[in-house]
Every structure is written in C-alpha cells, then in structure tokens.
Protein chains: 2
Amino acid sequence: MNVMNDSPRRKELTRQAAQLFVQEGFDRTTVRMLAEEMGIKSGSLFHHFRDKQEILAAVIEEGTRNALAIAHAALEACDRDPEARLQAMARAHLETLLTDRNAHVVALYEWRRLDDDARAHLGHLRDAYEALWETVIDEALAAGLIQGDRFLVSRFVMGALNWTVRWYDPEGERSPEELGRELVAMLMVPRV
Amino acid sequence: MNVMNDSPRRKELTRQAAQLFVQEGFDRTTVRMLAEEMGIKSGSLFHHFRDKQEILAAVIEEGTRNALAIAHAALEACDRDPEARLQAMARAHLETLLTDRNAHVVALYEWRRLDDDARAHLGHLRDAYEALWETVIDEALAAGLIQGDRFLVSRFVMGALNWTVRWYDPEGERSPEELGRELVAMLMVPRV
DNA sequence: CATTCACACTAGCGCTTGCTTGGTTAGCCT
DNA sequence: AGGCTAACCAAGCAAGCGCTAGTGTGAATG
C-alpha cells in the first residue's frame with residue numbers, strides 16, 4: 001500500500017507540501033490541494049504518506065534535521081572562543097532560513113497539529129537543537145561575555161531567534177554572516 | 001438577524017472562544033464545539049457573530065485593545081527616564097498575560113486565518129502597540145541605555161517578548177514586575 | 001517472456017463542516 | 001394587557017473533507 005522510506009521523490013513532495021502549509025496553514029490545506037501542487041491526484045498521495053499528519057511530520061523533521069546538521073557543522077568549523085561559537089550558531093540559524101524557511105515556519109506554527117507520537121519523536125530533535133544553543137550560551141555566560149540569568153537569557157535568545165522567521169530575508173541586504181555578528185554584538189557586554 | 005455590538009454577553013462568549021482556539025486551533029474548533037462551550041446550540045451562535053471569522057477577530061481585538069490600554073496607562077504612571085519606561089512596558093506586557101493570555105496566543109498563532117478586512121483593521125491596532133515599544137526603545141537608544149541598530153533591537157525585543165507567551169507563567173514565582181526588571185537589565189549596557 | 005514493483009489513476013463512501021431557516025421563549029417598556 | 005426585542009432552539013442543507021478500494025502502466029528484475 002504505502003512506504004515510509006525517504007526516497008528523493010518523497011523529499012520533493014515534502015518540500016512542496018511545506019510551501020502550501022505556509023500559505024494556507026495545515027488544516028486548511030486539503031489533500032486535494034496538496035496533490036494538485038504535486039501534479040498528481042489526491043489518491044496517489046497516500047502511496048507516499050500514510051496519512052495527512054505524516055506529511056506534516058515529514059516537513060518538520062526535514063527542516064529540523066537540516067538546522068541541526070548545519071549548526072553542528074558550523075560549530076566544528078569555527079574557533080573555540082565563546083564569541084565565535086555564538087556567532088557561528090547565529091549565522092547557521094539564519095542560513096537555514098535560506099533553504100528551509102517554509103519548514104521552519106511550519107514547525108513554529110503547526111507544531112500542535114502533530115499527533116502524540118510525532119510530537120514525541122520530533123520533540124527530541126528540537127531539544128537537541130536547543131541544547132546546542134544552551135551549551136554555547138552557557139559558555140558565553142561562564143566567560144562573562146554576556147550577563148543575566150541562564151534560564152532567562154536562553155528563553156530570550158530562542159524567542160528572538162524564532163522570530164527572525166517573520167522578518168529576516170536571507171536574500172536581502174544583510175547576509176546571515178553579517179546579521180549574526182550584529183545579533184551577538186547586541187547581546188554582549190561591551191568591552192571597556 | 002444578528003448584531004455586532006459589544007454587549008457583555010458577547011464579551012463573555014469571546015473569552016470562552018479564545019480558550020477553545022488556544023486548545024484546538026482556530027480551524028479545528030467547530031462552531032458546534034464553540035456553542036457547547038458557551039452552553040448554547042450551534043445555530044444560536046450566529047445571533048452574536050456574523051460568522052466564525054468574526055469570532056476570531058473579536059478575540060484578537062479584545063486582547064490587543066487591553067494590551068494597548070495597559071501599556072498606555074503604565075507609561076503615564078511611571079517616571080520619565082528611559083529605563084523606567086522600558087521596565088513599565090515590559091511589566092505591562094507580562095501583566096496582560098495574566099488576564100489575556102489566550103487572546104495573545106490566538107493573535108500570535110491564528111493571525112493568518114483572519115480575512116483581509118479584519119487583518120487590515122487589527123493590523124492598525126497592533127501597529128499602535130508596536131509603535132509604543134519603538135518609541136520607548138528609541139528613547140533608550142538615544143540615552144545610551146542600550147546599544148545596537150534601531151531596527152534590529154526592535155525586532156529582537158518584539159521576538160523575545162512575543163515568545164514569553166510560550167513559557168512565562170504569570171502566577172508562578174516571578175512577578176511581572178520582577179521579570180520585567182530582569183528583561184530590561186539584560187538588554188542594558190552595564191554601568192561602569 | 002513472466003513477474004514484480006513503484007507509481008499513478010478513477011470513483012466514491014461516510015462523515016463533518018459552516019451556516020440558514022423558521023419558529024419559540026422570557027423579560028422589559030408602555 | 002399587549003407589543004417589542006434579544007436570545008435561543010431544532011432541523012437540516014450543500015459543500016467539502018480525509019481516506020479507501022480497485023485498477024492500469026511502464027520500467028526493472030528473474
């Protein structure tokens with residue numbers, strides 16, 4: 001009947017679904033709309049995905065995995081000092097908006113439409129990403145680079161970061177590199 | 001057939017609708033669910049609201065109006081110096097989460113489900129609220145209280161602020177007053 | 001050449017949706 | 001007493017929903 005592999009075809013369909021989910025919202029996006037966007041008939045859709053929920057889960061999983069991979073890579077490629085690591089994380093985050101913006105918008109706005117299983121599974125992925133941020137923030141706090149309560153700083157940064165999805169245009173004037181620097185500079189205690 | 005006044009009955013119904021919209025999301029909340037929550041039958045609902053969309057608009061309008069009113073009042077009641085004004089705004093924002101959390105969650109997550117007319121109308125309200133923040137941020141920048149690019153600081157703060165809805169418990173340990181102080185302290189350039 | 005397989009199609013079932021209609025009730029004003 | 005009105009109800013319609021069943025097809029595999 002259907003499969004759950006990660007064929008290239010399925011990946012492409014997932015990308016198209018993300019686009020529609022952003023435009024219309026998950027609930028308003030019908031399987032018929034999805035099928036038309038994909039150039040197939042609505043029945044054929046269920047050859048690739050068990051049900052509509054699985055498409056949502058696939059979209060979010062794809063986006064989060066990429067963000068996690070890019071963040072890891074950025075951390076390994078950069079200097080050891082806390083400031084460079086903070087900047088690397090910020091730059092990586094903004095870079096994923098270039099390729100996976102739709103997926104991140106969906107993850108942000110349609111999270112609660114996931115069923116319990118998917119939410120648990122993807123929750124671990126997201127926790128891993130946030131844990132990465134918290135490590136880097138902790139290092140910066142320990143080095144006296146930024147100030148404030150650990151818990152609070154973390155929430156504050158995650159909020160500002162997630163919000164970037166609403167206004168940042170990665171193809172606009174400011175490059176991810178540049179904006180990442182500015183974000184970190186804003187947080188930091190200035191040198192005296 | 002129906003009316004659009006702001007009777008006390010309608011206000012109560014709006015409050016109950018907000019609760020459901022948060023729990024289930026706008027699209028998954030059926031008029032029958034709304035009616036049951038309100039203790040009436042689904043048909044009776046359309047005596048108070050023209051259609052389902054109007055309920056959503058009413059929820060968001062109520063929340064935004066209250067936030068705006070509280071912010072205005074807080075600014076008029078506090079000292080003139082930029083730091084006090086920043087704190088007053090932050091405290092006011094956190095305080096509205098006490099009484100209007102549901103409305104704010106709905107405004108954040110279901111904004112795009114508004115039709116064009118409602119979005120334009122409520123957009124002005126929200127702009128007024130954000131403009132208030134930007135004024136206060138500008139004053140703080142001019143006074144050298146905080147640093148960074150005007151546009152960037154503003155987005156950063158609005159992001160962190162909107163995110164509070166996801167984690168801040170106004171009945172928890174930290175009072176709005178206290179947390180507002182901490183938030184502002186985090187932003188500020190430390191005294192030397 | 002026969003079989004299998006991934007992928008797509010047609011057709012439609014069973015159910016839910018937002019909303020309408022036409023009529024009833026209870027309280028207020030004169 | 002009689003009229004007015006806000007508030008409600010029972011019943012149901014037309015449209016749309018997610019999803020299933022059964023079939024066809026062309027390319028790869030034995």
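A, B, ... follow the sequence lines: proteins, then strands. Residue 1 opens every chain. Note that the structure is predicted; figures quoted are calculated from it, not measured.
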Q: For B:K52, which contact category applies under a 4.0 Å heavy-atom criterion: base, sugar-phosphate, or nothing?
A: sugar-phosphate
Q: At less than 4.0 Å, is any side-chain N or O atom of A:H47 found next to OP1 or OP2 of C:dA8? Yes or no.
A: no
Q: Using the C1' atoms of five pairs at each end, what's the angle between the two axes of the helix from C:dC1-D:dG30 to C:dT30-D:dA1, to 10 degrees?
A: 10°
Q: What integer distance in Å separates B:L56:CG from C:dG18:P?
A: 13 Å
Q: I need the CD-P distance between A:E54 and D:dG18, as an integer number of Å.
A: 16 Å
Q: When rounded to the nearest 0.5 angstrom, what is the spacing between CD in B:Q53 and CZ in B:R113?
A: 10.5 Å
Q: Tell me the interatomic distance from A:F49, atom CZ, to D:dG18, atom C1', rounded to whole angstroms.
A: 15 Å
Q: Would you give the length of the straight line joining atom CG of A:L161 to atom CG of A:L183, rounded to the nearest 0.5 angstrom?
A: 7.5 Å
Q: Can you see if the side chain of B:S44 gets near the phosphate of D:dA7 - specifically, an N or O under 4.0 Å from OP1 or OP2?
A: no
Q: To the closest 0.5 Å, what do you measure between CG (A:D79) and CD (A:Q87)?
A: 10.0 Å
Q: In whole Å, what is the span from the CD atom of B:E12 to the P atom of D:dA6?
A: 20 Å
Q: What's the CZ-P distance between B:F46 and D:dG12, to the nearest Å?
A: 18 Å
Q: Given C:dA8, is OP1 or OP2 found less than 4.0 Å from the side-chain N or O atoms of A:R9?
A: yes
Q: Hey, are B:E54 and B:R10 close enough for a salt bridge, meaning a charged N less than 4.0 Å from a carboxylate O?
A: yes
Q: Decide if atom CZ of B:R119 counts as having more than 12 heavy atoms of other residues, nucleotides or ligands within a radius under 6.0 Å.
A: yes
Q: Let me confirm one number: the CG-CG distance from B:L45 to B:L13, rounded to the nearest 0.5 Å.
A: 7.0 Å
Q: The side chain of B:K41 is closest to which nucleotide in this list: D:dC9, C:dC9, D:dC8?
A: D:dC9
Q: Output the rounded distance in Å from CE (A:M38) to C1' (C:dC9).
A: 16 Å
Q: Nearest whole angstrom, please: distance from the P of C:dG18 to the CZ of A:R28.
A: 10 Å
Q: Taking only Lys NZ, Arg NE, NH1 and NH2, and the carboxylate oxygens of Asp or Glu, determine whether A:R91 and A:E95 approach each other closer than 4.0 Å.
A: yes
Q: Under 4.0 Å, heavy atom to any atom of DNA chain D: which of residues 29-36 of chain A qualify?
A: A:T29, A:T30, A:V31, A:R32
Q: Using a cut-off of less than 4.0 Å, is there contact between a side-chain N or O of A:H48 and OP1 or OP2 of C:dA8?
A: yes
Q: Is a salt bridge present between A:R174 and B:D149, judged by a nitrogen-to-oxygen distance below 4.0 Å?
A: yes
Q: Have A:S154 and A:E134 got a donor and an acceptor in their side chains that come within less than 3.5 Å?
A: yes
Q: Rounded to whole angstroms, how far apart are CG on B:L45 and P on C:dC19?
A: 10 Å
